[in-house]
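There's a structure below that I have some questions on.
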Amino acid sequence: MTTSSVQHFTPERPLRVAVIGSGPSGVFATEALLKQTDIPVQVDVFDRLPTPYGLVRYGVAPDHLTIKSVTKGFEKTLSDPRVRFLGNVEFGTDLTYDEARRHYDAIIYTVGASSDRRLGIPGEDLRGSMSATEFVAWYNGHPDAAAREMVLNATGVAVVGVGNVALDVSRILAKTVEELRESDIAAHALTALEQSPVRDVWVLGRRGPLQAKFTTKELREFGELEGADPVVNPEEIAVSAAEEAQVTDNVVKKNLEVLRDFAGRTPEGKPRRVHLRFLVSPVEILDDGQGHVSGLKVERNRLDENGNAVGTGEYEVLPVQMVLRSVGYKGVGLPGVPFDEQRGVIPNTEGRVEGRTGEYTAGWIKRGPSGVIGTNRKDAVDTVAQLLADAQAGALPHASQPSREAVDTLLRQKGVEVYTFADWQALDAHEVAQGRAQGRPRAKVVHKHEMLQHRQREMQQAEG
Ligand code: NAP
């Protein structure tokens with residue numbers, strides 16, 4: 001890279017941007033770059049996986065198909081001739097930081113938050129205890145988790161946390177196989193869940209119903225499950241008139257209405273129950289003596305004047321053999337890129353990476369794991385505005401080898417099998433066709449080697 005005076009980007013020498021991560025934030029950032037007409041751009045969107053869309057494919061619940069329809073717009077963005085998708089390229093190895101700097105005038109890091117937070121209580125590493133993130137990755141057929149052996153022999157499962165992810169995993173555990181067949185859940189998970197003996201799922205909030213993070217639409221779904229009754233203890237959702245009068249958030253008001261409705265219901269005697277519990281904190285995951293979860297000890301809480309949970313010294317043991325902690329995602333650093341370990345984000349000012357020029361960040365790795373998919377559109381637009389302002393001001397370091405061909409040569413020399421957008425579209429069509437044949441919306445190809453084999457077959461067919 002060289003530093004020089006103001007560079008005017010032209011159609012012959014467009015502004016070259018590398019977007020690292022093809023989840024919603026990466027695609028929204030790309031879309032924002034395409035929407036403006038002041039500066040000609042060329043964008044390469046990288047992903048370490050062959051498939052694009054990040055959490056839309058591997059995080060959104062498999063039964064929330066309408067949320068996934070956002071990919072229609074993503075498809076348009078990634079099909080634009082100014083954009084290339086380069087899947088199966090790992091940042092840090094296949095494309096190092098220095099190499100990226102050599103080929104691009106600007107880099108936007110949009111890698112999301114792939115790890116999870118821990119509870120910090122004894123027993124967290126027992127067999128049967130894991131993060132919801134791992135469980136979600138497994139049932140959504142994420143290549144890193146697909147080969148994982150998941151023993152689903154628990155009759156009781158505790159899900160710690162009351163955000164939407166906690167509701168997602170609880171609902172998937174509670175649904176009947178007929179309900180799950182309508183989703184795009186990975187086949188291995190469908191088979192395993194079909195045999196699951198689970199009877200009781202406990203969803204555990206450490207604070208009260210007014211502090212729960214889930215949204216009403218997701219909560220309501222528990223009242224409509226074919227094979228599971230929602231169970232709520234009226235005492236745990238009791239809220240004084242004064243507290244209720246202070247609630248201004250409509251979601252919180254509606255959540256309370258739904259919880260009261262659940263608390264007033266007589267369970268219909270469905271085979272499964274989802275207990276929505278409040279004011280309880282896990283304090284220890286119990287060992288059966290063989291290294292496996294045999295129970296979860298929880299302490300009852302009260303709320304202090306600031307709405308924080310305070311233990312009361314009263315304990316109870318839940319009869320569970322599986323514990324899923326769903327207490328938030330956490331970002332992971334990228335080689336060569338500044339990282340705030342504490343917060344799990346790339347340190348930045350309004351999307352500009354601290355201490356760097358020509359480097360930006362958007363989405364969960366910029367601000368932490370909060371908000372819905374759409375939240376990331378504005379977030380990405382804001383970041384791209386900073387990038388464009390820097391480009392206009394001539395403040396970007398210029399790439400020394402600014403061409404697509406140079407990137408292709410580099411990756412070829414390294415033996416990287418780049419998965420293009422056309423490769424993905426062929427895989428997508430294949431998954432949908434396979435799914436349709438089974439009466440399902442999609443049959444996901446889960447292993448990376450199978451995705452690459454599919455590409456090989458397509459190439460051979462095209463040649464022959
Ligand atoms: P979240 O909404 O931040 O919820 C995390 C939950 O964990 C909170 O209830 C939190 O309680 C609890 N928690 C944290 N530390 C804890 C501890 N030590 N012990 C007990 N509980 C603890 O996170 P998320 O569920 O992972 O969701 C991430 C984001 O994705 C959210 O913005 C969510 O809305 C979004 N999402 C949306 C959908 C959808 O739209 N359908 C689906 C999935 C995810 P406190 O409040 O007490 O800290």
Side-chain angles (χ1 to χ4, degrees), residues 23-25 54-70 112-124 129 131-137 139-140 158-172 183 202-222 249 251-252 255 259 276-285 296-304 306-311 318 323-331 343-345 363-379:
S25 313
L55 271 194
V56 177
R57 180 170 165 96
Y58 293 121
V60 171
D63 56 345
H64 281 173
L65 294 171
T66 47
I67 297 182
K68 295 181 192 223
S69 59
V70 69
S114 57
S115 186
D116 57 89
R117 295 185 46 228
R118 290 176 68 86
L119 292 167
I121 60 170
E124 222 171 332
S129 161
S131 70
T133 314
E134 289 171 90
F135 193 62
V136 168
Y139 65 55
N140 274 336
V159 180
V160 182
V162 280
N164 277 331
V165 172
L167 295 196
D168 281 349
V169 297
S170 306
R171 190 178 66 253
I172 295 300
S183 76
W202 280 272
V203 190
L204 307 175
R206 61 178 167 181
R207 301 190 287 156
L210 302 185
Q211 290 78 30
K213 297 265 175 68
F214 48 61
T215 41
T216 316
K217 181 183 158 290
E218 281 64 27
L219 180 61
R220 268 201 195 107
E221 289 180 67
F222 288 93
D249 186 330
V251 174
V252 176
N255 283 349
L259 287 168
L276 296 153
R277 300 279 313 262
F278 295 93
L279 293 166
V280 281
S281 276
V283 289
E284 184 180 357
I285 302 175
L296 178 67
K297 186 173 173 185
V298 298
E299 182 175 12
R300 287 198 53 78
N301 295 329
R302 62 173 179 80
L303 289 186
D304 69 10
N306 300 317
N308 293 321
V310 182
L318 301 175
V323 176
L324 298 172
R325 58 176 186 277
S326 184
V327 294
Y329 285 81
K330 191 164 191 279
R343 296 180 52 224
V345 298
W364 280 7
I365 198 68
K366 168 188 175 188
R367 64 169 205 282
S370 66
V372 294
I373 291 171
T375 316
N376 296 300
R377 172 175 264 138
K378 180 174 184 312
D379 186 287

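Below, each value reflects all heavy atoms present in this structure, side chains not excepted, and no hydrogens, waters or symmetry copies. Indexing begins at 1, ligand by ligand and atom by atom, following the structure's order.
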Nearest-neighbour protein heavy atom for atom 7 (O) of ligand 1, which is reported as residue plus atom name and distance: Val327 CA, 3.3 Å
Element-labelled atoms of ligand 1 that are located less than 4.0 Å from some non-hydrogen atom of Ser326: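 This gives 5 (C), 6 (C), 7 (O) as the contact atoms.
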Heavy atom of Ser281, distance to ligand 1 below 4.0 Å: no
Polar contact flag for Ala166 and ligand 1 (N/O pairs, less than 3.5 Å): no
Atoms of ligand 1, numbered as shown, that sit under 4.0 Å from any heavy atom of Pro369: 28 (C), 29 (C)
Residue, atom name and distance, where the atom is the protein heavy atom closest to atom 46 (O) of ligand 1: Arg207 NH2, 2.8 Å
Contact atoms of ligand 1, heavy-atom distance to Val160 under 4.0 Å: 20 (C)
Nearest neighbour in protein (non-hydrogen) for atom 12 (C) of ligand 1: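 Heavy-atom neighbour on the protein nearest atom 12 (C) of ligand 1: Gly161 CA, 4.0 Å.
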Structural part of Val60 in contact with ligand 1, heavy atom criterion under 4.0 angstrom: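 It is neither; nothing of Val60 touches ligand 1.
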Proximity winner for atom 15 (N) of ligand 1, if only heavy atoms of Glu221, Glu218, Arg206 are counted: Arg206
Val169, Val165, Val298: member with heavy atom nearest to atom 25 (O) of ligand 1: Val165
Closest approach of any protein heavy atom to atom 40 (O) of ligand 1, naming residue and atom: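 The closest one turns out to be Val372 CG1, 3.7 Å.
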Under 3.5 Å: donor-acceptor pair, side chain of Trp364, backbone of Ser370: yes
Taking atom 38 (C) of ligand 1 as the reference point, the nearest protein heavy atom with its distance: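 Nearest neighbour among protein heavy atoms for atom 38 (C) of ligand 1, to 0.1 Å: Asn164 CB, 3.5 Å.
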Atom 3 (O) of ligand 1 [closest protein heavy-atom partner, distance rounded to 0.1 Å]: Lys213 NZ, 4.2 Å
Derivation of the side chain to side chain contact (heavy atoms under 4.5 Å, CB included) call for Val159 and Phe135: CA-CA 11 Å; Val159 180; Phe135 193 62; over 6 Å; no
Contacting atoms of ligand 1, where contact means under 4.0 angstrom from a heavy atom of Ser370: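 Once the distances to Ser370 are compared, the set is 32 (O).
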Contact atoms of ligand 1, heavy-atom distance to Asp168 under 4.0 Å: 42 (C), 43 (C)
Nearest neighbour in protein (non-hydrogen) for atom 32 (O) of ligand 1: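 Its nearest protein heavy-atom neighbour is Gly371 N, 2.7 Å.
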Parallel, tilted or perpendicular: rings of Phe214 and Phe278 (30°, 60°):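 Answer is perpendicular, since the angle exceeds 60°.
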Asn140 side-chain N/O to Val60 backbone N/O, donor-acceptor pair under 3.5 Å: yes
Test item, Gly205 contacting ligand 1 (heavy atom, 4.0 angstrom):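 No, Gly205 has no heavy atom closer than 4.0 Å to ligand 1.
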Protein heavy atom at shortest distance from atom 23 (O) of ligand 1: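 So the nearest neighbour among protein heavy atoms is Gly328 CA, 4.2 Å.
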For Val162, the ligand 1 atoms whose distance to one of its heavy atoms is below 4.0 Å: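 With Val162 as reference, the close atoms of ligand 1 come out as 6 (C), 9 (O).
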Polar side chain donor-acceptor pair, Ser25 to Asp379, under 3.5 angstrom: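 Per modelled atom types, Ser25 and Asp379 side chains form no pair under 3.5 Å.
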